[in-house]
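A short worksheet on the structure shown next.
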Amino acid sequence: MKTALLLSPSKIFGAFFTAPFAAQTDGTIAIYRSIFCGSMPQEILLFLIPRIMRILLVFHCMFFLILTAQGQKHDYVWLLGQNSQTNLIYSGTVVDFNTTPPDIYYEFRSMFFSQANASMCDTAGNLLFYTNGIYVANALNEPMENGMGLSPGTHSQQNQNYGYILTQGAMILPTPESGGLYHLFHMDRELNSQQTSTESRNFYFTLIDMDMNNYLGGVVLKNQKIIEGLFDIGRITASKHANGRDWWLLTRKYDTNEYYRILFDIEGLVVQGVQAVGSPIPSNTIGQSVFSPGGTKYACVHVYGLANPIYISIYDFDRCNGTLSNPIQFTYTDTASCAGVAISPNNRFLYVSSYRYVYQYDLHAEDIEASRIIVAVWDGFGNPFSTTFYLMQLAPDGKIYINSNNGVRYLHVINQPDSLGLACDVCQHCVELPSINALSLPNFPNYRLHHLEGSPCDTLRQPPVAEWVHEPLGLEVAFQEAAYHDIRTWHWSFGDGATDTVPNPVHSYAAEGMYNVCLTVSNPRGADTLCRELQVLVSSTGEPTGGGLRLELFPNPAPPDVPATLFAEGLPAAEVAGTVRDALGRIVRRFSAPVVNGRLRQELDMRGLPAGVYFVALVSEKGVALGSGKLVLRPR
């Protein structure tokens, strides 16, 4: 059964209720400010705005699908510069892409940016928090609660006042379907045992909850190890999964051609395996890695000392399974001591900023290596240090910005990166900054990349499938939805004329009898309805359990990398189905298991799930709830 499109307010406007002023349009913010600013204190504004948004919900629904295509402004505020509180030249710089051209101004703040640089805005482009790899600061430029002490080690201790010196050493991603949660990914950098070079030994995540501290946020998990080993230093980057919601991250084993494939979805972080592809590349190099804006290419540059060739590697990337293929690898030689890479918005041109040169490669050419064009040669400008080319970053305005490997007050910009050859218009030191920026450029993925149309992995765009279970408690019955495929709305009909629209209602019947209970679920692709006959008895306690059900989960709390065990006895069925739900009620695991002599023993694989509280429930073949238990999963 199909119905008209109905979108759940909690799904649509989750961001509205998790951060102040997180409106989906600048116009909405302007309305709130014009009504209240100057006449009410800030704390009252923060209290009232979410409630006003609920009133205006019907008007926003009309524009939701358009706004989500344009409203992912997570990368609209760039932070650069240093930490002087009195000297403008050594203060911080803000580059704000919420205006055209971007608004560039100085601010006095405590954080000094070196190479590790990541920030996060809400979907409307309002700054939420940022990091230099040493600590996390909130939008008031204050250390976030529990935000000190990232990537512990010698390097962090030595650079407390200057920021972590690691190219692409940090990146922030919104936690899928979680409202105000964000994952900060970061790496360490330490000397090897011979004290001759540096290596990354730990790939971490830190979890930030923006609902804390009156929406200024707080760190709830810190320095949680995703994997540990020896990695190519830094180079943290990510691309959207083909479903348009989840993320892929890649990191390479030290001095090899082997890449860890990490999937970041609603179940957490799962290492999907290690892939060997192409030829090995030296580590302990200077350079950058990037996904194309469309997510179908992965490219990197490695500068391995002045006397050695510079390595370029280009791969096809599969957004479904996170694998690399068709490696194109070559080297070139020039005077570069550092380099960066970026790919044009149209996904055609690869740019390499190679110290004194900017090269353009045509990714559509039959011979990519031979397609190289020199589109810029450093013009010798310095004030006081040289403005040679270093890292690159594609910006929300469609231009590519280039920093320098010295402390200078300028950025370079490629104004027309979709154009071939000199028409791309590399403008040297054309972006003047109010303060000195030394080596730093923020590290962002393409937050605005959507699902891959026609892909078999575009599963979130499938029509929904309705499913539900119930637990009878006399005339009162507890219902629980078990539908899947991106459910946005729920509509219950209890067979007695009453209805409800919450996912898991409790309904009281007036009398015993048989009732036709229906659940209709919908998402933007359609709707589905499941109806069952339900017998309501005053004496009903569900199916008989032969003396009562006993359910145990152990160990509890459970370690993150060891399966937990579910044991139950007193079960009436020959086989039961089970679900594991997180604290928000989302199903993160499903399983079925045979029952022998009324007993069940089942291992629960909780690997990849974030630390927290989970609820395990068993249901019979008829959908009757048999029992449930709580399992606490420890942090890594």
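No hydrogens, no waters, no symmetry mates; every other heavy atom, side chains included, goes into these values.
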Exercise. Has Phe385 got more than 12 heavy atoms of other residues, nucleotides or ligands less than 6.0 Å from its CZ?
Worked result: no

Problem set entry | Tyr162 OH: over 12 foreign heavy atoms closer than 6.0 Å | no

For this session: Can you spot which of Asn117, Val77, Asn138, Asn141 makes a side-chain contact (heavy atoms from CB on, under 4.5 Å) with Tyr130?
Result: Asn141

For this session: First locate atom CZ of Arg372, then atom CD1 of Ile374, and finally report the distance between them rounded to the nearest 0.5 Å.
Result: 5.5 Å

Exercise. Under the 3.5 angstrom rule, does the side chain of Asp232 hit a backbone N or O of Arg252 as a donor-acceptor pair?
Worked result: no

For this session: Please answer whether the main-chain N or O of Ile134 pairs with a side-chain N or O of Gln160 as donor and acceptor at a distance below 3.5 Å.
Result: no

Problem set entry | Passing option when His412 is tested against Tyr401, Phe389, Tyr390 for ring pair (Phe, Tyr, Trp, His ring centres under 6.0 Å) | Phe389

For this session: Apply the side-chain contact (heavy atoms from CB on, under 4.5 Å) test between Val301 and each candidate in Val290, Leu350, Ile310; give the one that qualifies.
Result: Ile310

For this session: Taking all non-hydrogen atoms of both residues into account, name the closest pair between Leu150 and Ser156 and its distance.
Result: O-OG, 3.4 Å

For this session: Please check if the side chain of Arg261 supplies one atom and the backbone of Gly322 the other of a donor-acceptor pair under 3.5 Å.
Result: yes

Exercise. Shortest non-hydrogen contact from Gly149 to Lys222?
Worked result: O-CD, 4.2 Å

Problem set entry | Inter- and intrachain pairs under ring pair (Phe, Tyr, Trp, His ring centres under 6.0 Å), touching residues 275-314, at least two apart | Phe291-Tyr298, Phe291-Phe317

Seminar exercise, completed: Interatomic distance, CG@Leu452 vs NE2@His450, rounded to 0.5 Å, equals 12.5 Å

Problem set entry | Heavy-atom donor-acceptor pair, Thr206 side chain to Asn223 backbone, under 3.5 Å | yes

Problem set entry | Exam field: side chain Gln360 to backbone Ser419, donor-acceptor pair closer than 3.5 Å | yes

Exercise. Is His74 reaching over with its side chain to a backbone N or O of Phe444, donor-acceptor style, under 3.5 angstrom?
Worked result: no

Problem set entry | Heavy-atom pair of closest approach, residues Gly287 and Thr167 | O-CG2, 3.3 Å

For this session: Keeping the roles fixed (side chain from Thr175, backbone from Leu181), state whether a donor-acceptor pair exists under 3.5 Å.
Result: yes

For this session: Kindly say whether Asn202 contributes a backbone atom to a donor-acceptor pair with the side chain of Ser200 at under 3.5 angstrom?
Result: no

For this session: Check whether more than 12 heavy atoms from other residues, nucleotides or ligands sit under 6.0 Å from atom CD of Gln195, and answer yes or no.
Result: yes

For this session: Please indicate whether Phe591 has more than 12 foreign heavy atoms, meaning atoms of other residues, nucleotides or ligands, lying under 6.0 Å from its CZ.
Result: yes

For this session: Output all residues satisfying side-chain contact (heavy atoms from CB on, under 4.5 Å) with Gln194, sequence neighbours left out; order by chain, then residue number.
Result: Asn192, Thr196

Problem set entry | Distance-only donor-acceptor check, side chains Ser404 and Asn406, under 3.5 Å | no

Problem set entry | N/O donor-acceptor pair under 3.5 Å between Asn132 side chain and Phe112 backbone | yes

Exercise. Within the side chain of Glu199, is there an N or O that forms a donor-acceptor pair under 3.5 Å with the backbone of Tyr254?
Worked result: no

Problem set entry | Within 45° cone of Trp248 ring axis and under 6.0 Å: Lys240 NZ or CZ | no

